[in-house]
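Written below as C-alpha cells is the structure these notes are about.
Counting starts at 1 for both ligands and their atoms, following the listed order.
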Amino acid sequence: MSQAQNILITGASRGIGQAIARQAAQQGWSIGLNYKQSQTEAMDLAEELRATGVKVVCLQADVSQQSEVQRMFREFDEALGPLHALINNAGILASFLITQVDETNLHQLYGANVFSAYYCAREAVLRMSTTSGGTGGAIVNMSSVASRLGGLSGGSAYAGSKGALDSFNLALAKEVGTQGIRVNAIRPGLIETEIHNVHGGVAQMQNMAKTAVPMGRSGTAQEVAKVAMWLAGPDASYVHGSIVDVAGGR
Ligand code: NDP
C-alpha cells in the first residue's frame, strides 16, 4: 500500500480474526483489534504485531450491543483516524434443538452473529461513505457454509443467523455500492479454531472433515484470512455483493 490504511477487525483476539489481523499487519494496515473478553490474547497479539512496525489499538467491546459498538468506533477514530475497511468477523457457535430454544440463547446468538454486523456496518458506512465526506472502503462479513448446508447438529439458530448475514451482505451491497463502499462475505467451511469446542473440539472436527470435505481436510484460519484481506484490499476493486466459499469444496 502506498500509504497506511486503517482497518477494524471484530473478534480478533482468537481464531480467524487473529489470523486476519496477522495478514493485515503483513500488508501494512493500521489495525483496530476488537475483542470481548480475551484481553490477554488481544494484548499479546497487539504486541506481536506492533513489533513488525504497524500501529495497533485494542478495542474491548461486546459488538452485540449498539452502545458498545459506537464507543468502540469513537476509540478507533481517536487512535487511528479515518476508517478504510471493516471485517465483521465476531461470532459464536451454539448447538441446541428447536425444543430447547429460549429467548436468552437466541438473542445471544443473533446478537453476536447478526445484530453486530448491522451495528458495525452502520458506523463504518457513516465514516467511509463518499456521500458523508469519507473516501470509500470495504466491508467483509464472515458468514458460514452453514447458511446453505444447515450447519452441524442442533445448528438451526446458527445456520439461520448466517443465512441472515448472507442476505444482509447482498442488500447492503445494493445500498452503498455507489458510495465508494464494497461489501462482500466469506463462507468458511470447517476451520481449525476453538469455536468447535461446542461440538467436541478441533480433533473431532478434523476427523469429520476427512469424509465430509471434498478436499479431505479442514482449513486453517490463515486460509480464510488471506481471502478476507484480498476482499478488503484494492485487488478486489470490482468484487461487490459476492460471497466467497472458503470450504475445501464443501
Ligand atoms: P473463535 O471462537 O475462535 O473466535 C471468536 C472471536 O469472536 C473471538 O475473538 C471472540 O472474542 C469474538 N467474539 C465473540 N462474540 C463477540 C462479541 N459479542 N463481541 C466481540 N467479540 C466477540 O471463532 P472463529 O475464529 O472460528 O470464528 C470467527 C467467525 O468465523 C465467526 O463469525 C464464525 O461464525 C465464523 N465461522 C467459523 C468457522 C469455523 O469452522 N471456525 C466456519 C464458518 C464460519 P473473545 O475471545 O474476547 O470472546
Side-chain angles (χ1 to χ4, degrees), residues 8-23 32-46 58-69 71-73 86-95 107-120 140-152 155 157-166 168-169 185-206 208-209 212-213 217-225 227-228 243-248 250:
L8 196 159
I9 306 163
T10 68
S13 53
R14 298 184 285 116
I16 292 171
Q18 182 188 64
I20 295 172
R22 287 192 173 122
Q23 189 69 22
L33 203 156
N34 162 253
Y35 67 98
K36 182 182 169 191
Q37 57 201 15
S38 300
Q39 186 180 26
T40 307
E41 288 85 344
M43 298 291 180
D44 288 352
L45 178 64
C58 289
L59 302 165
Q60 191 286 326
D62 177 349
V63 291
S64 70
Q65 305 297 319
Q66 189 168 19
S67 59
E68 295 200 23
V69 167
R71 172 184 52 76
M72 173 177 79
F73 273 83
L86 164 70
I87 314 279
N88 272 328
N89 167 74
I92 54 174
L93 177 61
S95 174
H107 277 253
Q108 199 181 15
L109 188 75
Y110 274 78
N113 292 5
V114 184
F115 297 167
S116 62
Y118 284 81
Y119 300 149
C120 291
V140 178
N141 296 307
M142 200 58 69
S143 178
S144 166
V145 291
S147 71
R148 57 175 174 74
L149 296 178
L152 302 174
Y158 180 76
S161 74
K162 294 301 185 178
L165 208 52
D166 286 1
F168 169 68
N169 186 69
I186 297 177
R187 284 196 196 116
L190 294 169
I191 307 300
E192 295 148 13
T193 74
E194 291 171 22
I195 207 169
H196 291 285
N197 292 347
V198 169
H199 281 290
V202 169
Q204 190 171 311
M205 180 277 283
Q206 284 174 314
M208 180 173 66
V213 179
R217 67 166 178 89
S218 49
T220 65
Q222 196 193 12
E223 289 176 306
V224 181
V227 178
I243 305 180
V244 181
D245 283 358
V246 184
R250 187 156 163 262

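Between Ser143 and ligand 1 there is a heavy-atom distance shorter than 4.0 Å. Not a single heavy atom of Thr10 sits under 4.0 Å from any atom of ligand 1. A heavy-atom separation below 4.0 Å is found between Gly189 and ligand 1. Ligand 1 lies nowhere less than 4.0 angstrom from a heavy atom belonging to Glu192. For the ligand labelled ligand 1, residue Glu41 lies outside the 4.0 Å heavy-atom shell.
With a heavy-atom cut-off of 4.0 Å, Gln39 does not touch ligand 1 at all. Using a 4.0 Å cut-off between heavy atoms, Thr193 contacts ligand 1 through its side chain alone, with no backbone atom that close.
Put simply, the side chain of Leu152 does not reach to within 4.5 Å of the side chain of Tyr158, judged on heavy atoms. A heavy-atom distance below 4.5 Å is not found between the side chains of Gln18 and Thr193. Residues Val63 and Cys120 are in side-chain contact: their nearest non-hydrogen atoms beyond the backbone lie under 4.5 Å apart. Using a 4.5 Å cut-off on side-chain heavy atoms (C-beta onward), Lys162 and Asn113 make contact. Using a 4.5 Å heavy-atom threshold, the side chains of Ile92 and Leu109 count as touching.
The N/O atoms of Ile191, backbone and side chain alike, include one that comes under 3.5 Å of an N/O atom in ligand 1. At under 3.5 Å, a nitrogen or oxygen of Ser13, whether backbone or side chain, sits near a nitrogen or oxygen of ligand 1.
Annotation: atom 27 (O) of ligand 1 to nearest protein heavy atom, Ile195 CD1, 3.8 Å. For atom 30 (O) of ligand 1, the nearest protein heavy atom (residue, atom name, distance) is Met142 CG, 3.3 Å. Among protein heavy atoms, the minimum distance from atom 18 (N) of ligand 1 is reached at Asp62 OD1, 2.8 Å. Among protein heavy atoms, the minimum distance from atom 12 (C) of ligand 1 is reached at Gly11 CA, 3.5 Å. If you check which protein heavy atom lies closest to atom 48 (O) of ligand 1, you get Gln37 CG, 3.5 Å. Among protein heavy atoms, the minimum distance from atom 34 (O) of ligand 1 is reached at Tyr158 OH, 2.6 Å. For atom 39 (C) of ligand 1, the closest non-hydrogen atom on the protein side is His196 NE2, 3.4 Å. Remark: minimum distance from atom 37 (C) of ligand 1 to any protein heavy atom is reached at Ile16 CD1, 3.7 Å.
Under a 3.5 Å cut-off, the side chain of Ser116 and the backbone N or O of Ser64 do not form any donor-acceptor pair. Under the 3.5 Å distance criterion, the side-chain polar atoms of Tyr110 are left unmatched by any main-chain donor or acceptor of Phe115. In this structure, Glu68 contributes its side chain and Asp62 its backbone to a donor-acceptor pair below 3.5 Å. Under a 3.5 Å cut-off, the side chain of Asn34 and the backbone N or O of Gly11 do form a donor-acceptor pair. At distances below 3.5 Å, at least one donor-acceptor pair connects side-chain atoms of Gln204 with backbone N or O atoms of His199.
Heavy-atom contacts of Ala90 reach the following atoms of ligand 1: 7 (O), 13 (N), 21 (N), 22 (C), 32 (O) (cutoff under 4.0 Å). Here is the list of ligand 1 atoms found below 4.0 Å of a heavy atom in Ile92: 14 (C), 15 (N). Taking a cut-off of under 4.0 Å to the non-hydrogen atoms of Tyr35, the atoms of ligand 1 that pass are 47 (O). For ligand 1 and Asn34, the ligand atoms under 4.0 Å from any heavy atom of the residue are 20 (C), 21 (N). Remark: ligand 1 atoms within the under-4.0 Å shell around heavy atoms of Gly15 are 3 (O), 25 (O). Atoms of ligand 1 lying under 4.0 Å from at least one heavy atom of Ala61, given by number and element, are 19 (N), 20 (C).
Across all non-hydrogen atoms, the minimal contact from Val114 to Ser161 is CG2-O, 3.4 Å. For the pair Ser147 and Asp166, the tightest heavy-atom approach, listed with the atom from each and the gap, is OG-OD2, 2.6 Å.
In summary, Asp245 and Arg148 engage in a salt bridge, as defined by a charged side-chain N under 4.0 Å from a carboxylate O.
With Ile16 as reference, Asn89 is the one residue of Asn89, Thr220, Ile186 to meet the side chain to side chain contact (heavy atoms under 4.5 Å, CB included) rule.
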